[in-house]
K.L.:
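If you scroll down you'll find the structure; I have some questions about it.
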Amino acid sequence: NICSGVVMNEEGYVLIPYCTSVIGADILYISTGRPNDPIFESTYIGTDPTTGVALVQVENLNLKPAKFADSNSIKVAQSVIAMGTPFGDSEKGTVTFGVISTVNKALDTVTLDGREVKIYIMETDADINRGNNGGPLVNMNGEVVGINSLKVSTQFNEGMGSAITSRDAINITRSLISSGEELSPFLGVYGDIVNDITNGLTGFYVQRVASQGTADRAGIRPTDIILS
C-alpha cells in the first residue's frame, strides 16, 4: 500500500490518494525519502472521494511545499512529467514523461450523497500507475500542474493517464482544512445551452431539476431557460 503525495503548504498538509484512507489503517505513515529523516505518523484530515484524494497533516515535517502553476495556462501538447515512488524504498523516485492530450475534460460522476457533479481533469500519455498515484504532474519548470489520479484514469479514462488540476487540488485542500470535507457547489439543474439567434440571446435550458436542491428550492422547473 505504497503511494505518493504532495506537500501542499508549510503547515505539513499532504494530499494523498483516497485509497490510502479507506484500507482500514489506524495510522498512515509518511516518508520523505531523505536518508536521515524518521518515518512520520500523520493525522487524517478529510477525503474527497469524487476526485480520489485525501488530506493528512504531519507535524514537524519541515519540507517546502510544492510550487504550483496555474492549470488554466496548460496547453495541449505541452510536455509534462509524472513523478512518484512506485517501488517504495527500493527506488525512491521515478518519473515518466509525456504530453498533455486534453485539458479541462468534464467527467460526470456521483458524490457519496447521491449528487450528480462534474469534475474537470487533464489527460496525458505519461504513465499513471499505482505507485505514482497521488504524485505531482509537473511542467518543465518543475511546477505542479496536476495531481496524478489512478482512480480517474481507471474509472473514466482507461488507456490514458489523468490528473486533477492544480487549481482543484488547492481548492480541495482548503475545503478539507476548513471543514474536513470537500464542499462542491451544487445548483441542482441539468440541461444544455441554447441560443436564440434572432434576439442574440444565450441561455441554459432546464431539462431536469434535482429534488430539494438549490434550484428546486428557488422555484426553477423543467423547461425554464436561465438567462443570467
Side-chain angles (χ1 to χ4, degrees), residues 8 15 17-19 21-22 44-55 68-76 100-124 128 134 137 145-228:
M8 301 299 294
L15 202 64
Y18 168 60
C19 61
S21 66
V22 295
Y44 171 75
I45 303 300
T47 294
D48 177 30
T50 305
T51 54
V53 297
L55 189 71
F68 291 86
D70 182 3
S71 51
N72 287 333
S73 66
I74 302 304
K75 307 296 184 183
V76 171
I100 294 295
S101 305
T102 309
V103 295
N104 290 326
K105 180 176 182 178
L107 301 176
D108 294 309
T109 186
V110 179
T111 63
L112 291 180
D113 57 1
R115 294 182 292 118
E116 298 177 31
V117 297
K118 290 183 182 294
I119 59 174
Y120 293 88
I121 62 154
M122 57 183 69
E123 292 179 315
T124 176
I128 307 297
L137 187 72
V145 299
I147 304 295
N148 306 327
S149 176
L150 186 63
K151 170 186 167 65
V152 175
S153 300
T154 54
Q155 185 173 348
F156 299 101
N157 265 358
E158 191 166 356
M160 290 292 293
S162 302
I164 64 172
T165 65
S166 57
R167 176 189 57 199
D168 284 348
I170 292 171
N171 289 337
I172 289 168
T173 297
R174 289 171 177 166
S175 290
L176 292 177
I177 290 173
S178 63
S179 67
E181 60 181 345
E182 163 61 1
L183 304 178
S184 301
F186 180 64
L187 182 59
V189 292
Y190 307 91
D192 208 348
I193 299 296
V194 292
N195 296 296
D196 183 343
I197 300 176
T198 303
N199 297 310
L201 297 175
T202 298
F204 184 85
Y205 178 78
V206 178
Q207 298 172 334
R208 183 163 60 91
V209 179
S211 177
Q212 300 303 312
T214 304
D216 185 27
R217 292 195 298 270
I220 294 176
R221 296 293 179 262
T223 73
D224 285 351
I225 297 178
I226 302 173
L227 298 179
S228 63

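Source: prediction; values computed, not measured.
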K.L.:
Quick one: side chain to side chain contact (heavy atoms under 4.5 Å, CB included) partners of Thr51, sequence neighbours excluded?
P.N.:
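Scan of Thr51 (side chain to side chain contact (heavy atoms under 4.5 Å, CB included), adjacent residues dropped) gives Asp48, Val53, Ile119, Ile164, Ile172.
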
K.L.:
Calculate, to the nearest 0.5 Å, the distance between atoms OG1 and CG belonging to Thr202 and Asn195 respectively.
P.N.:
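Rounded to the nearest 0.5 Å, the OG1-CG separation comes to 4.0 Å.
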
K.L.:
Evaluate the side-chain proximity of Tyr205 to Thr223: yes if any heavy-atom separation is below 4.5 Å, no if none is.
P.N.:
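Thr223 vs Tyr205: side chains touch.
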
K.L.:
Find the distance between CD1 (Ile177) and CE (Met8) and round it off to the nearest 0.5 Å.
P.N.:
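Atom-to-atom, Ile177:CD1 and Met8:CE are 8.0 Å apart.
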
K.L.:
State the OG-CD1 distance between Ser71 and Ile100, to the nearest 0.5 angstrom.
P.N.:
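Ser71 OG to Ile100 CD1: 10.0 Å, rounded to 0.5 Å.
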
K.L.:
Is there a donor-acceptor pair under 3.5 Å between the side chain of Asp168 and the backbone N or O of Thr165?
P.N.:
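Not at all, since once roles are kept as given, no pair shorter than 3.5 Å links the two residues.
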
K.L.:
Considering non-hydrogen atoms only, spot the tightest contact between Ala69 and Val145 and give its length.
P.N.:
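Residues Ala69 and Val145, closest heavy atoms: CB-CG1, 4.0 Å.
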
K.L.:
Can you see which heavy atom on Ala169 is nearest to which on Ile147, and at what distance?
P.N.:
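Taking every non-hydrogen atom into account, CB-CG1, 3.7 Å.
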
K.L.:
What pairs with Asn72 under side chain to side chain donor-acceptor pair (under 3.5 Å), at least two apart in sequence or on another chain?
P.N.:
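Applying side chain to side chain donor-acceptor pair (under 3.5 Å) to Asn72 gives Arg167.
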
K.L.:
For the residue pair Glu123 / Ser101, report whether a side-chain donor-acceptor contact shorter than 3.5 Å exists.
P.N.:
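No donor-acceptor contact under 3.5 Å links the two side chains.
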
K.L.:
Provide the closest heavy-atom pair for Leu176 versus Ile45 in the form atom of the first, atom of the second, distance.
P.N.:
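The answer is O-CG2, 3.4 Å.
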
K.L.:
Please report the interatomic distance CG(Asn104) to CE(Met122), rounded to the nearest 0.5 Å.
P.N.:
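Interatomic distance, Asn104 CG to Met122 CE, rounded to 0.5 Å: 7.0 Å.
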
K.L.:
Looking only at heavy atoms, what is the nearest atom pair of Gly161 and Ile128, with distance?
P.N.:
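For Gly161 and Ile128, the tightest heavy-atom pair comes out as CA-CG1, 3.5 Å.
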
K.L.:
For Pro17 and Gly134, work out which heavy atoms get closest and say how close.
P.N.:
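Reported closest heavy-atom pair: CG-CA, 3.7 Å.
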
K.L.:
Minimum heavy-atom separation for Ser166 to Asp70, with atom names?
P.N.:
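For Ser166 versus Asp70, the nearest heavy atoms are OG-C, 4.3 Å.
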
K.L.:
Got a second to check how far Phe204's CZ is from Ile220's CD1, nearest 0.5 Å?
P.N.:
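Separation between the atoms: 9.5 Å.
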
K.L.:
My understanding is that only residues two or more places apart in sequence, or in another chain, count here; which of them pass side chain to side chain donor-acceptor pair (under 3.5 Å) with Ser149?
P.N.:
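Not a single residue meets the side chain to side chain donor-acceptor pair (under 3.5 Å) criterion with Ser149.
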
K.L.:
Output all residues satisfying side chain to side chain donor-acceptor pair (under 3.5 Å) with Arg174, sequence neighbours left out; order by chain, then residue number.
P.N.:
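Checked Arg174 against side chain to side chain donor-acceptor pair (under 3.5 Å); zero matches.
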
